[in-house]
Chemist: 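First, the structure itself, so that you have it in front of you.
Numbers for residues simply follow the sequence, beginning at 1. Every number for a ligand or one of its atoms is a count from 1 in the order of the listing. Only a predicted model underlies this, so the values are computations on that prediction, with no experimental measurement involved.
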Amino acid sequence: MATEAQDGTLTVTDNRTGTTYEFPITDGTIRATELRNIKVSDDDFGLMTYDPAFMNTVSCRSAITYLDGDNGVLRYRGYPIEQLAAKSTFLEVAWLLIHGELPTTAELASFTEDIVGRMPVDPSIAASIGAFHQDAHPMGVVEAGFGQLSTLYPEAKDVDSDPERMDALYNTIAKIPTIGALAFRHNQGLDGVAPDPVLGYSTNILKMFFGSDYEPDPRLVRALEILLILHADHEQNCSTSTVRVVGSSRVDPYSAVGAGVAALYGPLHGGANEAVLVMLREIGSKDNVPAFVEKVKNREALLMGFGHRVYKNYDPRATIIKKACDDVFEVTGVNPLLEIAVELERTALNDEFFVRRKLYPNVDFYSGLIYEALGIPSDMFTVMFAVGRAPGWVAQWLEMINDNEQKISRPRQVYVGADERDYVEIESR
Ligand code: ACO
């Protein structure tokens with residue numbers, strides 16, 4: 001967290017001109033646009049920062065999630081993730097992220113009723129999903145579903161209207177699992193299952209997946225709630241930044257979230273949980289772990305579910321998930337892949353290669369094992385991540401749209417292409 005002790009000024013001398021500049025430091029940052037004052041001549045555009053992959057760029061001021069990657073700390077609106085995972089529900093956390101405070105009993109009851117009541121989707125969405133190939137990856141289907149939601153709710157284009165915004169944000173949280181469940185059922189060649197307004201959010205998810213006759217063990221419902229809570233926000237990660245960047249064009253929130261879904265689909269982001277299970281299956285047995293770790297060290301493979309751009313310590317979410325694994329396996333019996341995962345973690349954490357690079361298990365290392373124990377196939381794991389992340393995306397979108405400093409996102413570039421040259425007729429090339 002930035003402190004006043006980090007404030008002050010920065011004095012910079014441009015050795016090209018000998019001119020000295022002084023810039024204010026606020027919250028441990030300088031304004032990148034201040035550097036534009038550093039010029040070699042009047043017609044110079046001014047100095048810019050070059051930061052591919054945004055390794056050292058703060059894109060916003062946010063009051064939603066606090067993350068200290070060196071010490072493995074994660075808090076939503078000030079509340080430690082460990083307390084929320086132990087005591088809260090997913091919809092309570094969703095309310096907290098959007099509104100900034102924990103809900104009262106009455107607020108939570110009406111919010112829960114509202115969200116569950118919004119879970120059904122327009123029949124045209126089920127019809128569109130039916131038109132996908134049966135083996136369509138469900139993340140591609142969810143991505144398309146958000147494009148369709150934006151056409152079904154054109155009033156969401158009014159991003160300045162409070163009621164329209166809230167409608168779109170609540171619809172996003174409510175409908176994302178329904179679209180995911182329809183995609184899952186389509187893969188199985190089954191019809192969709194309508195959500196039941198008298199049941200809770202996570203119970204509905206499991207019933208929409210496995211059928212209205214399925215009676216989930218409450219311990220499994222709780223494990224799912226915990227997973228969703230742990231994924232609910234993670235400040236300016238790739239998909240959330242995508243939602244903010246796309247939303248900065250003032251497109252409707254459904255479209256911005258659709259872009260976030262696409263970003264999450266990637267194997268270096270939300271797709272990693274699926275990749276972990278593929279990796280564990282490939283390793284096949286505990287005895288093959290040392291050989292696999294050697295492959296990783298020889299750069300022939302990545303240890304999926306390890307490493308993080310911000311955490312250079314144990315991801316606190318991984319600790320909670322590991323514990324939740326034990327609770328779930330008490331109900332379902334132990335997944336044999338767990339033994340390989342535990343051995344892989346032990347080997348990596350004792351190996352100089354991983355220690356030196358501060359590579360620890362991230363949230364995805366164990367989450368797939370729980371999803372698999374719940375009976376959810378691996379290509380649905382990233383959809384589950386998206387369901388969990390939906391409140392974070394919409395809370396961050398709302399913060400962005402209310403932030404007077406935010407304008408349309410538009411980075412600069414250093415042009416390294418050809419100088420001006422004349423067009424060559426095709427027959428002369
Ligand atoms: N396996 C092996 N080596 C790794 C791994 C890994 N999982 N992660 C990082 N490294 C190595 C890199 O090769 C690099 O080594 P070098 O300095 O000798 O070249 C060093 O550690 C630093 O890694 P970077 O790639 O620079 O770290 P970056 O912050 O760019 O990447 C990322 C973070 C993408 C998460 C990376 O660690 C990774 O690919 N992990 C595997 C995929 C994964 O689990 N993603 C989920 C992330 S969490 C989430 O999205 C919810």
Side-chain angles (χ1 to χ4, degrees), residues 51-57 65 67-70 72 74 76 81 85 139 226-243 260-280 282-283 289-322 337 340-341 344-371 378 380-393 396:
D51 189 14
F54 308 118
M55 300 289 286
N56 196 37
T57 292
T65 288
L67 205 173
D68 173 352
D70 289 332
L74 175 62
Y76 298 158
I81 192 67
M139 273 301 269
I226 292 173
L227 282 179
L228 297 178
I229 290 169
L230 296 181
H231 286 89
D233 194 46
H234 213 233
E235 50 118 300
Q236 306 314 316
N237 58 84
C238 178
S239 57
T240 302
S241 297
T242 301
V243 171
V261 172
L264 191 72
Y265 197 174
L268 296 188
H269 190 12
N273 53 15
E274 184 176 346
V276 169
L277 269 261
V278 172
M279 174 188 75
L280 293 176
E282 267 170 25
I283 295 173
V289 165
F292 179 76
V293 169
E294 279 313 304
K295 256 174 86 175
V296 172
K297 289 161 67 176
N298 293 332
R299 315 272 180 178
E300 291 161 32
L302 273 180
L303 178 42
M304 298 312 287
F306 256 67
H308 198 275
R309 171 61 58 79
V310 183
Y311 289 120
K312 301 302 168 196
N313 201 324
Y314 216 97
D315 180 338
R317 301 168 301 174
T319 317
I320 299 166
I321 291 187
K322 210 171 163 189
L337 297 178
I340 302 173
L344 202 47
E345 179 187 336
R346 196 195 59 76
T347 309
L349 293 184
N350 287 297
D351 191 297
E352 160 68 9
F353 178 94
F354 301 89
V355 173
R356 188 151 39 87
R357 291 174 178 78
K358 298 189 177 165
L359 299 172
Y360 291 87
N362 60 48
V363 68
D364 284 329
F365 193 65
Y366 287 104
S367 63
L369 290 170
I370 299 191
Y371 289 134
S378 56
M380 279 294 290
F381 293 175
T382 315
V383 172
M384 299 310 296
F385 191 155
V387 171
R389 185 54 54 88
W393 286 333
Q396 299 268 355

Chemist: Please say which of Glu274, His269, Arg389 ends up in a side-chain contact (heavy atoms from CB on, under 4.5 Å) with Thr382.
Modeler: Glu274
Chemist: Which of the atoms of ligand 1 are close to Phe353, meaning less than 4.0 Å from one of its heavy atoms?
Modeler: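 Those of ligand 1 that fall under 4.0 Å from Phe353 are 3 (N).
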Chemist: May I ask you to identify, for Leu268, whether its side chain, its backbone, both or neither come under 4.0 Å of ligand 1 on a heavy-atom basis?
Modeler: both
Chemist: Which one of Leu359, Asn273, Asn362 has a non-hydrogen atom at the shortest distance from atom 8 (N) of ligand 1?
Modeler: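 That would be Leu359.
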Chemist: For atom 48 (S) of ligand 1, grab the closest protein heavy atom and report residue, atom and distance to one decimal in Å.
Modeler: His308 CD2, 3.6 Å
Chemist: From atom 26 (O) of ligand 1, is the closest protein heavy-atom distance below 4.0 Å?
Modeler: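 Given the 4.0 Å limit, the answer for atom 26 (O) of ligand 1 is no, no protein heavy atom qualifies.
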Chemist: Between Asn313 and Gly69, is there a donor-acceptor pair closer than 3.5 Å when you use the side chain of the first and the backbone of the second?
Modeler: no
Chemist: Less than 4.0 Å from atom 23 (O) of ligand 1, is there any heavy atom belonging to the protein?
Modeler: no
Chemist: Output yes when a side-chain donor or acceptor of Thr240 lies under 3.5 Å from a complementary backbone atom of Gln236, and no otherwise.
Modeler: no
Chemist: Taking only residues at least two apart or on different chains, which pairs with a member in residues 296-322 satisfy ring-ring contact (aromatic ring centres under 6.0 Å, His included)?
Modeler: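 Qualifying pairs: His234-His308, His234-Tyr311, Phe306-Phe365, His308-Tyr311.
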Chemist: I'd like to know whether ligand 1 has His231 as a neighbour, heavy-atom separation below 4.0 Å.
Modeler: no
Chemist: Look only at the side chain of Asn298 and the backbone of Glu294, and say whether a donor-acceptor pair between them is shorter than 3.5 Å.
Modeler: yes
Chemist: Select the closest option to atom 29 (O) of ligand 1 among Arg317, Arg389, Arg357, Arg309, judged by heavy-atom distance.
Modeler: Arg309
Chemist: Going by the closest heavy atom to atom 2 (C) of ligand 1, which one wins out of Val296, Val363, Thr382?
Modeler: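 Checking each option, the heavy atom nearest atom 2 (C) of ligand 1 is found in Val296.
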Chemist: Spell out, as yes or no, whether a donor-acceptor pair under 3.5 Å connects the side chain of Tyr76 to the backbone of Ile229.
Modeler: yes
Chemist: Please check atom 32 (C) of ligand 1 for a protein heavy-atom neighbour under 4.0 Å.
Modeler: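 False for atom 32 (C) of ligand 1.
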Chemist: In terms of residue, atom name and distance, what is the protein heavy atom nearest to atom 18 (O) of ligand 1?
Modeler: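 The protein heavy atom lying closest is Arg299 NH2, 2.6 Å.
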Chemist: Going by a strict under-4.0 Å cutoff (protein heavy atoms only), does atom 42 (C) of ligand 1 have a neighbour on the protein?
Modeler: yes
Chemist: Give the atom numbers and elements of ligand 1 that come within less than 4.0 Å of a heavy atom of Phe385.
Modeler: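 Near Phe385, meaning under 4.0 Å from one of its heavy atoms, ligand 1 has 51 (C).
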Chemist: Less than 4.0 Å between atom 37 (O) of ligand 1 and some protein heavy atom, yes or no?
Modeler: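 Yes, at least one protein heavy atom sits under 4.0 Å from atom 37 (O) of ligand 1.
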